[in-house]
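Structure record follows, encoded as structure tokens.
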Amino acid sequence: MDRAFVEAIESPEAGPDDIASLPLPEFYRAAVLLKEEQHMFDGVPVAHRNPTKSLHLTEVPLPAPGPGEVLVATMASSINYNTVWSAIFEPIPTFTFLERYARTGGLAARHDQPYHVVGSDLAGIVLRTGPGVRRWSPGDRVVAHCLSVELEDPAGHDDSMLDPEQRIWGFETNFGGLAEVALVKANQLMPKPAHLTWEEAAVSGLVNSTAYRQLVSRNGANMRQGDNVLIWGAASGLGSYATQYALAGGAFPICVVSSAQKAEICREMGAEAVIDRSAQDYRFWSEDGTQNPREWRRFGQHVRELTGGEDVDIVFEHPGRDTFGASVYVARRGGTIVTCASTTGYLHEFDNRYLWMKVKRIIGSHFANYYEAWQANRLITRGRIHPSLSRTYPLEQVGLATEAVHGNRHQGKVGVLCLAATEGTGVDAPEFRARHEAQINRFRVVSDSPDPVR
Ligand code: NAP
């Protein structure tokens with residue numbers, strides 16, 4: 001996309017008709033995985049699979065929006081962990097998802113391509129709307145959540161996450177956000193928080209909505225004021241939002257992180273109870289591959305020291321295999337372990353006696369339904385929850401950005417500039433922003449500090 005086009009759509013004078021009449025290019029630049037390379041890492045250990053080798057920046061044909069769809073000029077996007085999974089073809093290549101989706105027919109057939117445009121977040125400007133779209137118009141400044149559902153089956157009508165055709169856009173569908181243009185369903189769109197820059201607005205859609213459902217919603221842990229909430233990875237993607245929800249909702253977060261720097265960020269957010277798991281060197285698994293209950297107890301004692309002797313009401317789980325046994329152990333009698341992921345392995349082991357004898361519950365949670373995503377975005381718009389953007393990469397370095405998250409060399413969220421020429425643009429409510437500047441910048445890594453990747 002040339003700069004003149006971007007300046008034209010960003011211009012405050014440009015009305016919907018002006019933008020709708022701008023000719024669109026036939027091709028756009030996108031971060032893609034290639035179907036012909038989907039087995040390139042076969043036999044390579046997961047930790048050694050390098051996203052800089054599998055992610056390519058290339059030109060792909062611009063899709064036309066079908067009924068209920070919208071083309072968005074993507075000003076900025078973000079790296080989610082699902083981009084890591086996609087780029088290392090783990091647990092299976094995402095082309096399998098695209099083929100499956102395409103087999104459902106109709107417009108879905110377009111998603112099976114020799115390339116997969118990945119990315120499940122965006123902040124941008126509406127370019128074109130497909131037939132039947134009424135809420136959004138060209139020129140609207142938007143963010144997108146990543147819930148793609150068909151809603152043709154009643155199973156999803158009460159909670160859209162229960163739709164049998166539920167997919168994550170840019171992971172299980174094509175034409176995702178790490179590109180100059182994205183194709184979304186109209187009901188994925190939400191208003192862009194006006195006080196944020198493009199890159200700040202782009203990082204929250206997926207993790208903020210997920211943390212909201214997992215912790216706050218009645219579909220998740222239904223957190224209450226005064227709850228003790230143990231949060232793994234409390235200064236990283238999901239956890240940085242969970243920590244904010246706990247604090248904003250009157251709960252007591254017990255933040256677990258892996259460095260003094262991340263511990264400091266949690267304290268700056270307002271958390272008093274912080275555990276640096278690296279400094280404590282917890283070893284929940286022994287060398288022989290069995291769990292080590294003595295370490296669960298050491299961890300539990302530490303938690304009690306920080307809570308004044310109380311156990312935790314809710315464990316916010318996502319590391320999975322490495323931590324799940326400890327998570328089940330430390331939850332209080334009647335407490336809840338709510339899980340949305342298994343970063344370190346999906347075959348969990350825990351001592352079931354601690355679950356049934358102490359009547360604990362394990363709840364599975366996945367992304368968020370339309371309403372939950374909208375509520376989570378509303379809280380950003382109202383300045384109650386803030387983006388945890390730490391560092392922004394240009395689209396050309398999407399592989400490096402993804403590798404940083406894969407290697408856990410990041411904090412908070414990692415942003416990607418797509419059409420936005422520089423960081424710091426896109427703010428429409430500077431006075432409101434000024435009131436929240438400190439919280440918005442809390443995770444920021446000084447931009448000229450060395451790249452953590454190399
Ligand atoms: P992230 O930014 O990489 O944060 C994950 C954090 O977990 C890490 O930074 C690390 O924090 C902590 N962690 C990693 N390994 C650990 C271990 N062995 N023990 C204890 N803590 C460990 O990723 P994210 O965006 O938060 O996503 C986390 C997981 O959730 C991913 O698997 C992702 O795919 C999944 N997810 C699922 C959904 C869903 O809808 N189901 C949505 C979003 C994300 P410290 O090093 O500071 O401890």
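Counting convention: from 1, in listed order, for ligands and their atoms alike. In this chain, residues are counted from 1 in sequence order.
- Shown are Leu215, Leu379, Ile385; of these, the side-chain contact (heavy atoms from CB on, under 4.5 Å) with Tyr241 is made only by Ile385.
- When the options Val405, Ile79, Val445 are evaluated for a side-chain contact (heavy atoms from CB on, under 4.5 Å) with His410, the one that passes is Val405.
- Between the side chains of Asp121 and Asn80, at least one donor-acceptor pair of N or O atoms lies under 3.5 Å.
- Distances below 4.0 Å separate heavy atoms of Thr323 from the following atoms of ligand 1: 19 (N), 20 (C).
- At the top of the distance list for atom 12 (C) of ligand 1, counting protein heavy atoms only, stands Gly233 CA, 3.9 Å.
- Those atoms of ligand 1 with a heavy atom of Ser258 less than 4.0 angstrom away are 45 (P), 46 (O), 47 (O), 48 (O).
- Contacts between Ile168 and ligand 1, counted as non-hydrogen atom pairs separated by less than 4.0 Å, are absent for every part of the residue.
- For atom 43 (C) of ligand 1, the nearest non-hydrogen atom of the protein is Leu206 CD2, 3.3 Å.
- Scanning all protein heavy atoms for the shortest distance to atom 15 (N) of ligand 1 gives Thr344 CG2, 3.8 Å.
- Here is the list of ligand 1 atoms found below 4.0 Å of a heavy atom in Val257: 47 (O), 48 (O).
- In terms of N/O distances under 3.5 Å, ligand 1 is not approached by Asn82.
- The protein non-hydrogen atom at the shortest distance from atom 7 (O) of ligand 1 is His318 CE1, 3.4 Å.
- Contact annotation: Asn80 has no heavy atom less than 4.0 Å from any atom of ligand 1.
- Between the side chains of Ser209 and His145, no donor N or O sits under 3.5 Å from an acceptor N or O.
- Ranking the protein heavy atoms by distance from atom 34 (O) of ligand 1 puts Trp85 NE1, 2.9 Å first.
- Smallest separation of non-hydrogen atoms from Thr381 and His195: O-CE1, 3.9 Å.
- Partner of Leu189 under the side-chain contact (heavy atoms from CB on, under 4.5 Å) criterion, out of Val142, Val143, Asp140: Val142 alone.
- Ring geometry for Tyr329 against Tyr354 counts as perpendicular: the plane angle is over 60°, on a 0 to 90° scale with 30° as the lower cut.
- One side chain, Glu37 or His56, offers a donor N or O that lies under 3.5 Å from an acceptor on the other.
- Nearest protein neighbour of atom 40 (O) of ligand 1, counting heavy atoms only, is Phe367 N, 2.7 Å.
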Check the pair Glu437 / Asn441 against side chain to side chain contact (heavy atoms under 4.5 Å, CB included), numbers first and verdict last. CA-CA 6 Å; Glu437 192 90 42; Asn441 288 327; 3.4 Å; yes
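- For atom 36 (N) of ligand 1, the candidate residues are Thr83, Thr339, Leu238; the nearest heavy-atom contact is made by Leu238.
- At least one N/O-N/O distance between Gly237 and ligand 1 falls below 3.5 Å.
- Looking from atom 30 (O) of ligand 1 to the surrounding protein, the closest heavy atom is Ala341 CB, 3.1 Å.
- Taking the six-membered ring where tryptophan is involved, the planes of His348 and Phe324 are tilted, since the angle between them lies from 30° to 60°.
- Heavy atoms of His410 come nearer than 4.0 angstrom to ligand 1 in at least one pair.
- By the criterion of a heavy-atom distance under 4.0 Å, the side chain of Pro319, and not its backbone, is placed next to ligand 1.
- The distance criterion of under 3.5 Å between nitrogen or oxygen atoms is met by Cys340 with respect to ligand 1.
- For Thr197 and Glu199, the side-chain atoms include at least one donor-acceptor pair closer than 3.5 Å.
- Residue nearest to atom 6 (C) of ligand 1, selected from Ser120, Ser236, Ser365, Ala242: Ser236 (by heavy-atom distance).
- The minimum heavy-atom distance linking Val274 with Cys266 is given by the pair CG2-CB, 4.0 Å.
- Compare Arg277, Gln411, His366, Arg213 by their heavy atoms: the one nearest to atom 22 (C) of ligand 1 is in Arg277.
- The shortest N or O to N or O distance between Asn408 and ligand 1 is below 3.5 Å.
- In this structure, His406 has its ring center no closer than 6.0 Å to that of Tyr81.
- For Phe299 and Trp232, the ring centers are positioned less than 6.0 Å apart.
- Between atom 18 (N) of ligand 1 and the options Asp276, Asp322, Thr343, the minimum heavy-atom separation is to Asp322.
- Which parts of ligand 1 touch Val207 is read off a 4.0 Å heavy-atom cut-off, strictly below it: atoms 25 (O).
- Shortest contact from atom 33 (C) of ligand 1 to any protein heavy atom: Tyr81 CB, 3.4 Å.
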